[in-house]
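As the structure lists them, so they are numbered: ligands from 1, and atoms in each ligand from 1.
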Amino acid sequence: MNVKNLIILVIINIIFFGHLSLAKEVNIYSHRQPFLINPFLEEFTKRTGIKTNVVYSTKGLAQRLKAEGQNSPADVILTVDIGRLYIYEDNKLLLPIDSKVLNENIPAHLRSPKNTWFALSKRSRVIVTSKERVDTSKIKRIEDLANPEWKGRVCSRPGSHVYNRALMASIIAANGEDLAEKWAKSFVDNLARRPQGNDRAQVKAIFEGQCDIAIINNYYFGKLKYSEDLQQQEWAKTVNLIFPNQGNDDRGAHINISGGGVAIHSKNKDNAVKLLEFLSGEVSQNLYGKINFEYPANPKIKPSDELVGWGIPKEDQIPIIKIAELGPLAQRIIDRVGW
Ligand SMILES: [Fe+2]
């Protein structure tokens, strides 16, 4: 490009975008749902003038990114679960980025040691119990769900779901493979029915009296409590929330993350980093709690009032990458015990 053309391009950019940057957009591949991510993107565009384009999908985006190779339009990947983020890194689909803002906002145990992915929010896997039928003082730890006392009284979604696989990985990390498998076997022995349904369906099953105890992600409690469906509000009213492993010497409740990274062949890398930085900052971190009952990943930001109202759990501080690394072993145990 000669100097004359460059000057013309800069003038066009100033006229149209009011800035000197040549491309004012960022393309996002998102496993996160529109209701959640749109308010963040609107705010980002308002503040930076950078336009966002989003491809939403519940699955298959990593394969798509891989297949597209150099020609991929993707700049930013947003997803939930450390196992899924790890797949992107494992397939070399993420670009290492050097951002002082991200390194300051996101604690080291919640980001990739290679600086390829960063947690943006946290969620805790919690125990719910029937208010009528379970004495909450009897359940203090996730390990307690293996007690024979609960035989035929526990409901669960399939163990191979990423949320349960990550939980299983955390139990292996804390207790070792042998004890973890013993726990899983006894847990499965306690099931009231074949593992089925999503997290919400477990609360419904308690409401209907099919079982008394289940494990869910904390935000589903909020989603049910404030659901537009009055039935779902009733389900939430029938359960107590228990944050497991909260004792003084205990490790804290297992947490998982939502997070993001920059696509390896991003053509708008600066804007991609700006978006991740924005998502790790105060405005966005407050939104995660308000919109979806998730905890901020940035420790400088307080959780939402609603979350504080339920009690803020002590968290298992294990480097979250360990949960991903133990994922395959967790899955083998889950298969062996038939969870
Ligand atoms: Fe979920």
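Note on Arg123 versus Glu315: no salt bridge recorded, every NZ/NE/NH1/NH2 to OD/OE distance being 4.0 Å or above. Using a cutoff of 4.0 Å between basic side-chain nitrogens and carboxylate oxygens, Asp189 and Lys185 are scored as salt-bridged.
Every residue two or more places apart in sequence or in another chain was checked for a salt bridge (charged side-chain N to carboxylate O under 4.0 Å, His left out) with Glu228, and none qualifies. Applying the ring-ring contact (aromatic ring centres under 6.0 Å, His included) test to His265 and every residue at least two apart in sequence or in another chain returns nothing. Partners of Tyr226 by ring-ring contact (aromatic ring centres under 6.0 Å, His included), not counting sequence neighbours, listed by chain and number: Phe293.
Of the candidates Tyr219, Phe221, Phe243, Trp310 forms a ring pair (Phe, Tyr, Trp, His ring centres under 6.0 Å) with just one, namely Phe221.
Closer than 2.8 Å to the Fe ion (ligand 1) sit the protein N, O or S atoms Tyr163 OH, Tyr219 OH, Tyr220 OH.
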